[in-house]
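Written below as structure tokens is the structure these notes are about.
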Amino acid sequence: MTKYKSIGELRQSAVEAFVRTAILIDNEPTSDAPSKSGVALVAKSSAYGAEPQVADPPAEASKDNPKDEASHRLWIQPVTNGFASRRITCGFYFPANDDQGVVDTALNAARHVDAAIVDWQLRPKDTGPAKEIITKLVKDDEGAGGRLRLIIVYTGERGIDGECAKLLAHLQGEGVNDLASHDEGRALTGKRIRIAFANKPRAVKPEEELTGPGARPISWGKLPAFVLEQYSFLAQGILQSFALKAIGAVREDTHHLLSVFDNTLDAAYLAQRAGIGSPGDAEDMMAGLFTSELACSIQDRGITKEVLGPWGAIHALKARDPAAKLNVKKYSDPDGVYDGVVVAPQNGPTTITTTAPALRKLVQIGLDESKLTLVTERVMELKRQFFADDEQAKQSMSKFARMASLVREADGPRRLTKEAIHLTGGVVVRSRAHQGENSTETILLCVQPGCDAVRLRDVTSFPFCKLVRDDKHFDLVLRIDGTDKTFKMNRLPRDLIMHSFIPNGSRQIVTPTSYKQRLRFKSVDKVFWEFVAELRFPESQHFTTLLVGKFNRVALNGSEWLRLQNPS
């Protein structure tokens, strides 16, 4: 298992495991052999080799074509070799000056690659096509729900800080307002976007090259390293680094996975599908088998432990300043496991001071309640010490709770598709009734067993538990109208609510319809129930178990004194 020295090193490793494709869009490629003029192509960059990278210029440098114009050319061979050495497949699109479809073609070429590298002047002295390509890529990503997007503007133009500022103004004029200037004005960064400017090598003497924000020469062979470094700015955090490395592992195993699901299993699948009353169950089973294989690819390579384990996770730690002092309820640690975490004087309370070393050790070994016990309020306070302030803690832990509990939600970053949703156990819905200026909202959790939510031919009743707003004692966090709200499930059998629905005739399930970009189920009594979220299966099963537990209560006379000792 790799031990990383810093979050930056871990992040860079994840990026190198993930980035596998790039596209380079340029209107001035050259593959000619170098000329013998002896003038050096200079790229001075301490990050990519302290010494100047010297090579003969392409043959285009001549009396009629000044040597400096060679800096606008793209020398294909060293670029190709550089990407290949990094195991990155780099494609090329070389538009002609009179190519009227350059923007649409470039968009199609760049849409699905990990890194897009675009020349700033795709027509002589014209930055318009590059600006339009970048704008459309950014908006295309927004329309698809967002993705990590790296764009490198690789140009012969110096004064790149000024050109970067012009791009920012252009994007803002097109309604893209979440980008800010970074890296001495040579890059634009948003939540999921990085646009960085760099210079092609220039045919001048080393001392004549510009320095500072106006120029960042990157030699041909160093371009892949620059791409990877810039992509690492997008991988902010331990969980995103884990996701990148995990996806990289799946990519490495892609062809192995395809060999597992070969055509010799087709007949077995067809037999399975034909031999059960609900053929759709066979589809769900195969989806589960496939995702299980993906999980094996990740776990077999030890990525979970490498990135999220004790020696990777600690690099994401940012302790709150000043540290808090928390009283300990019970402490019994003869082996000294929590030395450096707990202060236990002979006279005075036993405490935890939440310094960075103490929190780091807790991240590595966890909180063993048999040795170190805190009351619930102190446990929650301990968790908040991993954040800059309480408000940030609340927002982040609410988002994490939603991610852990919900597989889909109407408000949130994850994709929501009509085809994937039907009314079954674990689906949360809401209805809103309006009377004059007043409105009431009802939020329900469906607890219909999955087998009773399929193969439906007639009007079917579905049982629901009511979800009640509660900020102190809650079971679920739901995002409703852009705000995280906490709810407790009413698990009393007497309060179950029944609603009837007409199933989809061909699919034999209750399906939603779309209305104003929302999905709604229509009950027989003509009430529309808007989809809010769907619980992950373990969570759905957990809530069902809580409800069933209430059905198991028996009304026997016994000792009232004993019953009151345990009111739960």
Side-chain angles (χ1 to χ4, degrees), residues 1-2 10-23 83-91 108-116 141 144-150 192 224 227-228 231-232 234-235 238-276 278-309 312 403-404 406-408 413-417 419-421 450 534 536-538:
M1 183 183 70
T2 304
L10 188 156
R11 186 173 61 195
Q12 191 67 27
S13 173
V15 166
E16 292 185 12
F18 173 81
V19 175
R20 286 291 173 266
T21 58
I23 184 75
F83 278 106
S85 69
R86 293 280 188 156
R87 300 191 305 161
I88 298 173
T89 301
C90 183
N108 289 331
R111 181 179 276 125
H112 300 298
V113 298
D114 299 325
D141 293 341
R147 57 157 285 172
L148 297 187
R149 171 66 69 186
L150 175 65
R192 302 184 185 96
V227 167
L228 293 170
Y231 202 100
S232 71
L234 294 171
I238 194 80
L239 295 185
Q240 203 162 68
S241 295
F242 166 70
L244 286 170
K245 199 143 194 175
I247 293 170
V250 171
R251 285 179 170 180
E252 291 286 338
D253 275 359
T254 296
H255 294 285
H256 166 68
L257 291 171
L258 292 174
S259 70
V260 171
F261 291 85
D262 63 47
N263 64 346
T264 62
L265 297 174
D266 288 359
Y269 167 71
L270 296 176
Q272 168 79 359
R273 182 181 173 85
I276 56 178
S278 178
D281 289 353
E283 301 166 19
D284 294 339
M285 181 190 74
M286 290 310 301
L289 290 176
F290 184 75
T291 55
S292 176
E293 290 293 328
L294 299 183
C296 287
S297 293
I298 297 166
Q299 293 168 350
D300 287 352
R301 293 170 183 264
I303 291 169
T304 305
K305 192 171 187 63
E306 177 185 340
V307 180
L308 301 178
M403 180 181 178
L406 309 174
V407 66
R408 297 182 185 88
R414 280 164 288 171
R415 288 188 179 91
L416 184 65
T417 58
E419 278 297 308
I421 295 170
E534 182 179 0
R536 295 185 185 276
F537 176 74

Which heavy atom of [X] sits nearest a heavy atom of [Y], and at what distance?
X      : Y      : value
Ala246 : Ile298 : CB-CD1, 3.7 Å
Arg11  : Ala235 : CD-O, 2.5 Å
Leu150 : Val227 : CD2-O, 3.4 Å
Arg147 : His112 : NH1-CA, 3.9 Å
Ile276 : Gln272 : CG1-O, 3.4 Å
Ala249 : Ser297 : CB-O, 4.0 Å

Run Leu239 and Leu308 through side chain to side chain contact (heavy atoms under 4.5 Å, CB included) and show every step you take. CA-CA 8 Å; Leu239 295 185; Leu308 301 178; 3.8 Å; yes
Within the side chain of [X], is there an N or O that forms a donor-acceptor pair under 3.5 Å with the backbone of [Y]?
X      : Y      : value
Arg408 : Glu534 : no
Asp114 : Ala22  : no
Arg251 : Phe18  : yes
Arg536 : Met403 : yes
Arg20  : Glu16  : yes

Applying ring-ring contact (aromatic ring centres under 6.0 Å, His included), can you list everything that pairs with Phe290, at least two apart in sequence or on another chain?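 Counting only residues at least two positions away or on another chain, Phe290 forms a ring-ring contact (aromatic ring centres under 6.0 Å, His included) with Phe261.
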Arg301 vs Glu252, side chain to side chain contact (heavy atoms under 4.5 Å, CB included): CA-CA, chis, key distance, verdict: CA-CA 11 Å; Arg301 293 170 183 264; Glu252 291 286 338; 3.4 Å; yes
Mind checking the [atom1]-[atom2] spacing from [X] to [Y]? Nearest 0.5 Å is all I need.
X      : Y      : atom1 : atom2 : value
Asp253 : Ser259 : CG    : OG    : 9.5 Å
Ile238 : Leu10  : CD1   : CG    : 4.5 Å
Arg192 : Gln240 : CZ    : CD    : 8.5 Å
Gln12  : Leu244 : CD    : CG    : 11.0 Å
Asn263 : Tyr269 : CG    : OH    : 15.5 Å
Met286 : Asp284 : CE    : CG    : 11.5 Å

Derivation of the side chain to side chain contact (heavy atoms under 4.5 Å, CB included) call for Phe83 and Thr89: CA-CA 7 Å; Phe83 278 106; Thr89 301; over 6 Å; no
The criterion is salt bridge (Lys or Arg N to Asp or Glu O under 4.0 Å); which residues satisfy it with Arg149, sequence neighbours excluded? Asp141
